[in-house]
Amino acid sequence: MFWEALGSVVLGLALSWAAAHRLDDRLPARRVVLGAGTLGALFGALVTHGALGPGNTPGTLVGAVAVAAVVLSLLLRPRPSSRRDRMGRSAATPT
């Protein structure tokens, strides 16, 4: 269980670092993203290990990454929208 937990923390940290690096304009502060991804992966490993039982390390790590991805997706903000749509009209003007 120790190695599964350590592996899930490393995978969650890597996933959250990649998300923070790629989507920095749509995510909150980097510290929040790294912490949420790591804790999400650790929680996912705990839940998956409880569901699958001992001896299924790859399944536990897949579950950890899946839960970390879900937690990180909850932190995403919408894309910043432009004031004009594609037709050149103002977004506030009714069509």
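In what follows, residues are counted from 1 in the order of the sequence shown.
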Just do the side chain to side chain contact (heavy atoms under 4.5 Å, CB included) check on T57 and W3 with the steps written out, would you?
CA-CA 9 Å; T57 302; W3 293 110; over 6 Å; no
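You'll find the side chain of H49 reaches within 4.5 Å of the side chain of P54, heavy atoms only. Side-chain atoms of P28 and L75, non-hydrogen and from C-beta on, do get closer than 4.5 Å to each other.
If you chain together hydrophobic residues whose side chains sit under 4.5 Å apart, L27 and L15 fall into the same group. Note on L46 and L52: separate hydrophobic clusters, where clusters join Ile, Leu, Val, Met, Phe, Trp and Tyr whose side-chain heavy atoms are under 4.5 Å apart, directly or indirectly.
Interatomic distance, CZ of R79 versus CG of L23, reported as 8.0 Å (0.5 Å rounding). Between atom CG of residue D24 and atom CZ of residue R30 there is a gap of 7.0 Å, rounded to the nearest 0.5 Å. The OG atom of S8 lies 11.0 Å from the CG atom of L13; values are rounded to the nearest 0.5 Å.
Heavy atoms from other residues, nucleotides or ligands lying under 6.0 Å from CZ of R22 number 12 at most.
A donor-acceptor pair is defined here as one N or O able to donate and one able to accept, closer than 3.5 Å; no such pair exists between the side chain of T38 and the backbone of G35. The main-chain N or O of L76 is never found under 3.5 Å from a side-chain atom of R26 such that the two would form a donor-acceptor pair.
In the hydrophobic clustering, F43 connects to V47, V67, V71, either directly or through intervening members, whenever side-chain heavy atoms lie under 4.5 Å apart.
When every heavy atom of A41 is checked against every heavy atom of A64, the shortest pair comes out as O-CB, 3.3 Å. Here the shortest heavy-atom pairing between V33 and S16 reads O-CB, 3.4 Å.
Paired with L61 under the rule side chain to side chain contact (heavy atoms under 4.5 Å, CB included), one option of L11, N56, T48 passes, and it is L11.
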